[in-house]
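Working notes, structure below.
The chains referred to below are lettered A, B, ... by the order of the sequence lines, with proteins before strands, and numbering in each begins at 1. Keep in mind that the numbers below use all heavy atoms, side chains included, and drop hydrogens, waters and symmetry copies.
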Amino acid sequence: MSDEHARESDLLRQRRDNFRQLVALGVDPYPRQYERTHTVDELVSAYGGAGGEELEAAQPLARTAGRVLAIRSFGKANFLAISDGRSKIQVYIRKDALSERDFAIFRLLDFGDFVGVDGRLFRTKTNELTIWASSLEFLAKCFLPLPEKWHGLTDVETRYRQRYLDLIVNPDSRRVFEIRSRVLAGMRSFLNGRGYLEVETPMMQPIAGGALARPFLTHHNALDIPLFLRIAPELYLKRLTVGGIERVYEINRNFRNEGISTQHNPEFTMLEFYQTYSEYTELMTLTEEMLSAVATEAIGTDQITFGEHQISLAPPYRRVALREGARSAAAERLRAVVDEADLRRQESVLGIAQRLGIDVRPGWGAGKITTEIFERLNEHRLIEPTFVYDFPTEVSPLSKGKPGDPDTVERFELYIGGFEVANAFSELNDPAEQRRRFEAQLAERAAGDQEAHEMDEDYIRALEYGLPPTAGEGVGIDRFVMLLTNSPSIRDVILFPLMRPRHDVV
RNA sequence: GGGCCGCUAGCUCAAUUGGCAGAGCAGCAGACUCUUAAUCUGCGGGUUGCUGGUUCGAUUCCAGCGCGGCUCACCA
């Protein structure tokens, strides 16, 4: 501790004094373990419905432990509230029911300390399930004052930086991460039940492929090679499909070196899955089933509240072709007739974008501009689950073309709540065509697009061994959890979102 | 990166025109045998994010910096 901290605040000094007095009593301030008969949560589950007379007759014994979240003293009658992080239970402390040592421990407790209690369960006059303590053990000290119990911790910066404080005092925060865990379990269970194999593919890659994004760069010392943190697992998962794993998925982090917002964290969790002998419309049906089932498993219903909106995740979802969506929205905005053919020609679509006031970078082709028009005009309005399908080839270097339409690929994105939740396509499995697509991307990269895809010769070689007809999809887990937990920011569903480091941490 | 907003006690928040920096909760001492935001009495607690400037005097006005939030840009 530096000089500023040499003068302890009263709050810290008092807690340290209590700690010293415990040690002076001969209490081990850091015992090794404490055997519980129940967690607090188990007690509440098991006896939450039991009445006072029932408990009086059964005299159930309980030995449990937790963090002290409230101390209410009345001279000879005292109450603690202890929490196991999930549930709370009250403890009744009477001087005449405890040894002198244990009561002395009680007198030295601070808000936030950990204790173990042993006693019988009963209900108080106010019908609160309570442990009548016959022994009290000190388990660990809380030296720093916790946030106040009534208002809790609302400062978002502290909630993100010191998530443990958020979890201690805000039950809703704990709830968010329990739902997140159930979403992950639900997705695994859904996919495992359909014959998918869960795998793990490299997160450090010599070529960052599978998506259009800027990567993080790192370095391996022994091999003396640059490595990228992956922006997507896609190309590796499809190599596994070449290898005969017909249904495969991975749930893990992707890393993209881009801005931070309420919908973007530099590392985020993605489910990516592939199934052979399928094309993209089959994945629409699968997605509807999966999101509805996972929602029901995670929160008990597929009807959600997100901000102002009530949203149903029950199938079927709306379907809108991208060009038609862009065309109709542009026509509506401009109060003019717009033909889909206008969107396919660079000069005409550029004129439409300019009239709409949408910025277009030099070098963008008709497909990129059309996609931009669609996203600008429609994305925030796509509240009900909506599949936007049939994307321009130009923005989809890994998707299979639509028969008879070289400008269009079999791809969809799913929007819910005004943002993109999933992205899927029929996989391009023609190695010659894949090479041409990569070369087109290289040209864009040469023209200054840092997010254009790199050439990946090894991936093309894999395709040359034969990738069966395959459809694949990525689902943004963080965003889906935002929807299920009514969280306005992605930081609310990531335990430790990336924050600029502070150097003045106290 | 741009724009707007915020930063005051451990937490949640006040502070009039620039005039001694406050409250609730938490804490400490005391009272109280069933409370649960316990109550009652009393008492402590501050480098007002940081650095400068203007001023007799700055939480307040100005400038710069730091961190955050929202938003736009970029993306998923």
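- Nucleic acid contact class of A/Met270 (heavy atoms, under 4.0 Å, all strands): none.
- At the heavy-atom level, A/Glu451 lies under 4.0 Å from the strands shown only through sugar-phosphate atoms.
- When the nucleotides B/C70, B/U33, B/U35 are ranked by their closest atom to the side chain of A/Thr124, B/U35 comes out on top.
- Rounded to a whole Å, the CG atom of A/Asn78 is 13 Å from the P atom of B/A31.
- Using atom C1' as the reference point in both B/U12 and B/C7, the two lie 14 Å apart (nearest Å).
- A donor-acceptor contact under 3.5 Å is formed by the side chain of A/Gln90 with the base of B/U35.
- B/C34 atom P lies 16 Å from atom CG of A/Leu80, rounded to whole Å.
- Scanning atom types as modelled, no donor and acceptor separated by under 3.5 angstrom connect the side chain of A/Thr154 and the base of B/U12.
- Using a 4.0 Å heavy-atom criterion, one finds that A/Gly474 contacts no nucleic acid atom at all.
- Taking the P atom of each, B/C28 and B/G10 are spaced 15 Å apart, rounded to whole Å.
- When each of B/C70, B/G69, B/U33 is scored by its nearest atom to the side-chain atoms of A/Ala77, the top-ranked nucleotide is B/U33.
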*asked:* A/Ser173 vs A/Asn170, test: side-chain hydrogen bond (donor to acceptor under 3.5 Å, both in side chains). Steps then yes/no.
replied: CA-CA 6 Å; A/Ser173 182; A/Asn170 294 331; 6.0 Å; no
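- For the pair A/Arg500 CZ and B/G68 P, the computed distance is 6 Å after rounding to whole Å.
- For A/Phe122, the side-chain atoms get nearest to B/C34 when compared with the rest of B/G68, B/C34, B/C28.
- To the nearest angstrom, P of B/G69 lies 10 Å from CG of A/Asp155.
- B/G22 and B/U8: their C1' atoms are spaced 10 Å apart (whole Å).
- Of all nucleotides present, none satisfies the Watson-Crick or G-U wobble test against B/U47 with each distance under 3.5 Å.
- You cannot call A/Phe111 stacked on the base of B/A26; the centres under 5.5 Å and planes under 30° rule is not satisfied.
- A/Ile168 has its CD1 atom 13 Å from the C1' atom of B/C11, to the nearest Å.
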*Between A/Glu473 and A/Thr287, is a side-chain hydrogen bond (donor to acceptor under 3.5 Å, both in side chains) present by the stated rule, with each step listed?*
CA-CA 9 Å; A/Glu473 176 166 342; A/Thr287 303; 2.8 Å; yes
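- One atom, CZ of A/Phe74, and another, P of B/U39, lie 9 Å apart when rounded to the nearest Å.
- Here the side chain of A/Leu153 is nearest to one of B/C67, B/U12, B/U71, namely B/U12.
- More than 12 heavy-atom neighbours from other residues, nucleotides or ligands sit within 6.0 angstrom of CZ on A/Arg123.
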Protein N or O to nucleotides 23-25 of chain B N or O, pairs below 3.5 Å:
unit_1: B/G24; atom_1: N2; unit_2: A/Glu148; atom_2: OE1; d: 3.3
unit_1: B/C25; atom_1: O2'; unit_2: A/Glu148; atom_2: OE2; d: 3.3

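- Heavy atoms of A/Arg361 sit under 4.0 angstrom from primed sugar atoms or phosphate atoms, though from no base atom.
- Distance noted for atom C1' between B/C11 and B/U16: 27 Å (whole Å).
- Distance check on atom P: B/U35 versus B/A29 gives 24 Å, rounded to whole Å.
- Using bins of under 30°, 30° to 60° and over 60° for the plane-to-plane angle, the ring pair A/Phe79/A/Phe74 lands in the perpendicular bin.
- Atom CZ in A/Arg94 sits about 10 Å away from atom C1' in B/C34, given to the nearest Å.
- Comparing A/Asp96 and A/Glu375, the nucleotide of RNA chain B nearest to each residue sits closer to the 5' end for A/Asp96.
- At B/U33, none of the side-chain N or O atoms of A/Arg72 fall inside 4.0 Å of OP1 or OP2 (strictly under the cut-off).
- Within the 3.5 Å criterion, the main-chain N or O of A/Val493 finds no donor-acceptor partner in the side chain of A/Asp478.
- Judged by the 6.0 Å distance and 45° axis criteria, A/Arg411 is not positioned over the aromatic ring of A/Tyr280.
- Atom CZ of A/Arg376 is separated from atom C1' of B/U71 by 13 Å (rounded to the nearest Å).
- Spacing of C1' atoms, B/U47 relative to B/A58, comes out at 14 Å, to the nearest Å.
- Nucleotides B/G46 and B/G52 have their P atoms positioned 22 Å apart, rounded to a whole Å.
- Note on A/Asp449: nothing from the nucleic acid sits closer than 4.0 angstrom, heavy atoms only.
- Across all strands shown, B/C61 forms a Watson-Crick or G-U wobble pair with B/G53, both key distances being under 3.5 Å.
- Shown here is A/Gln59, whose CD atom has more than 12 heavy atoms of other residues, nucleotides or ligands within 6.0 Å.
- Listed candidates were B/C34, B/C74, B/A76. Nearest to the side chain of A/Phe268 is B/A76.
- Pair assignment for B/G42 gives B/C28, based on Watson-Crick or G-U wobble hydrogen-bonding distances that are each under 3.5 Å.
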*asked:* Applying ring-ring contact (aromatic ring centres under 6.0 Å, His included) to A/Phe412 and A/Phe425, what does each step give before you reach the verdict?
replied: CA-CA 6 Å; A/Phe412 70 80; A/Phe425 35 89; 9.1 Å; no
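- Taking 4.0 angstrom as the limit, A/Ser73 places none of its side-chain polar atoms (N or O) nearer than this to OP1 or OP2 of B/U35.
- The partner of B/C34, taking Watson-Crick or G-U wobble pairs whose two distances both stay under 3.5 Å, does not exist in any strand shown.
- Residue ring and nucleobase are stacked for A/Phe79 and B/U35, with a centre distance beneath 5.5 angstrom and an angle between planes beneath 30°.
- By the 4.0 Å N-to-carboxylate-O rule, A/Arg86 lies too far from A/Asp84 to be salt-bridged with it.
- When heavy atoms are screened at a 4.0 angstrom cut-off, A/Arg214 is found touching no nucleic acid atom at all.
- One finds no side-chain N or O of A/Arg256 lying less than 4.0 angstrom from the OP1 or OP2 phosphate oxygen of B/C74.
- Remark: A/Arg230 does not engage A/Glu200 in a salt bridge, criterion side-chain N to carboxylate O under 4.0 Å.
- Using a 4.0 Å cut-off between charged nitrogen and carboxylate oxygen, A/Arg253 and A/Glu267 count as a salt-bridge pair.
- Residue contacts shown for A/Gly75 include a base, since a base heavy atom lies under 4.0 Å away.
- Comparing the same atom, C1', in B/A73 and in B/G1 gives a spacing of 8 Å after rounding to whole Å.
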